[in-house]
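This report refers to the structure that appears directly beneath it.
In this chain, residues are counted from 1 in sequence order.
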Amino acid sequence: MVTLTHDLRNPLNVIKMGTHLTLRRLEQGDSHANIAAKMLKAVERLNSMIQNLLDASRLRAGQSLKLEFEECNLDSIVQDVVEDLNFAYGERFIVVSDTAIRSNCSRKEIRRVIENLAINAVKYGAANTPITLTLEQIETHISLTIHNEGNPISSEAQSILFQQFRRTISAEDQTGWGLGLFLAKSIIEAHQGTIEVESAEGKGTSFIVKLPKLSY
């Protein structure tokens, strides 16, 4: 699988570099620039899918994910993710956060989890409604809740949400391999944390990530 993903990434990197160069040569507002930007977004999505497949294969083989831990400013990571998402999906994201919340984490992988949960909220939540990311530090742990409005997730669907290669009925018309939430759960558990979902009629859907507080 490692060889396969490497072989897939070689031509993908060529396409990505070429698209970047094309964008630099085009003026803003040029219709071709919009096409090139969409191409670049599609390449990045495909690269993410390949990474998900590689990580899932490692986990199935009994290997652990390769994480590099460091002291992280979580509120800064959340703000950075939301800034990028607002650019891509419009000003729908709201951050409610205590300041200077720090944890020992893999910055890249925690960002990956936040992006996955927030993009899922765009895909499956009610259109044109706010998506709220609430980060807070309480007595026993750090909590990050990503909430969207819309139809609830059934209890049957909730039971398979975090299983690899399993997709709910509402997800069948979306791109991907059904690995995002499985990997999010694996990443959070590697941080000694937990992830759960709460969803009910009239209350929307919340994914709740809990992480250990930074020990001094």
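- Atom OH of residue Tyr124 and atom OG of residue Ser199 lie 13.5 Å apart, to the nearest 0.5 angstrom.
- In terms of heavy-atom proximity, Leu74 sits nearest to Ser103 at CD1-CB, 3.7 Å.
- Applying the 6.0 Å contact sphere to CD of Glu196 captures more than 12 heavy atoms from other residues, nucleotides or ligands.
- Within the 3.5 Å criterion, the main-chain N or O of Ile153 finds a donor-acceptor partner in the side chain of Gln158.
- With salt bridges taken as basic N to acidic carboxylate O contacts below 4.0 Å, none links Arg112 and Glu115.
- When side chains are defined from C-beta on, Ile114 does not count as touching Val82, because their heavy atoms never get closer than 4.5 Å.
- Taking CG of Leu144 as the start and CG of Asp75 as the end, the distance is 11.0 Å to the nearest 0.5 Å.
- The distance between the ring centers of Phe207 and His147 does not fall below 6.0 angstrom.
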Discussion item. Let's go through Ile101 and Val78 carefully: what are the C-alpha distance in whole Å and the side-chain angles of both, what is the deciding distance for side-chain contact (heavy atoms from CB on, under 4.5 Å) to 0.1 Å, and is it a yes or a no?
Written reply: CA-CA 11 Å; Ile101 296 182; Val78 171; over 6 Å; no
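- The shortest heavy-atom contact between Ala190 and Leu67 is CB-CD1, 3.5 Å.
- Rounding to the nearest 0.5 Å places CD of Glu70 at 12.5 Å from NZ of Lys108.
- Taking both residues in full, the closest heavy atoms of Ile110 and Cys105 are given as CG1-CB, 3.8 Å, listed atom of the first, atom of the second, then distance.
- No side-chain heavy atom of Leu183 sits less than 4.5 Å from a side-chain heavy atom of Phe162.
- No chain of hydrophobic side-chain contacts below 4.5 Å, direct or via other Ile, Leu, Val, Met, Phe, Trp or Tyr residues, connects Ile94 to Val81.
- With hydrogens and angles ignored, the 3.5 Å screen pairs a side-chain donor or acceptor of His191 with a backbone N or O of Ser106.
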Donor-acceptor pairs under 3.5 Å, side chain of residues 127-141 to any protein atom, not counting sequence neighbours: which ones?
unit_1	atom_1	unit_2	atom_2	d
Thr129	OG1	Ala126	O	2.7

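- No side-chain heavy atom of Ile142 sits less than 4.5 Å from a side-chain heavy atom of Pro212.
- Residue Asn73 comes nearest to Ala100 through the heavy atom pair OD1-CA, 4.4 Å, listed as atom of the first residue, atom of the second, then distance.
- The CD1 atom of Ile77 sits 4.5 Å away from atom SG of Cys72, with the distance rounded to the nearest 0.5 Å.
- Rounded to the nearest 0.5 angstrom, Leu117 CG and Leu181 CG are separated by 6.5 Å.
- In this structure, the side chain of Gln163 engages the main chain of Ser159 through a donor-acceptor pair within 3.5 Å.
- In this structure, Val96 is not a member of the same hydrophobic cluster as Phe93, with clusters built from ILVMFWY side-chain heavy atoms closer than 4.5 Å.
- The shortest heavy-atom contact between Val95 and Gln79 is CG1-NE2, 3.5 Å.
- Rounded to the nearest 0.5 angstrom, Lys203 NZ and Thr205 OG1 are separated by 12.0 Å.
- In summary, Asp84 and Arg111 engage in a salt bridge, as defined by a charged side-chain N under 4.0 Å from a carboxylate O.
- The environment of Asp80 atom CG is dense: over 12 non-hydrogen atoms of other residues, nucleotides or ligands sit within 6.0 angstrom.
- Put simply, the side chain of Glu198 reaches to within 4.5 Å of the side chain of Ile208, judged on heavy atoms.
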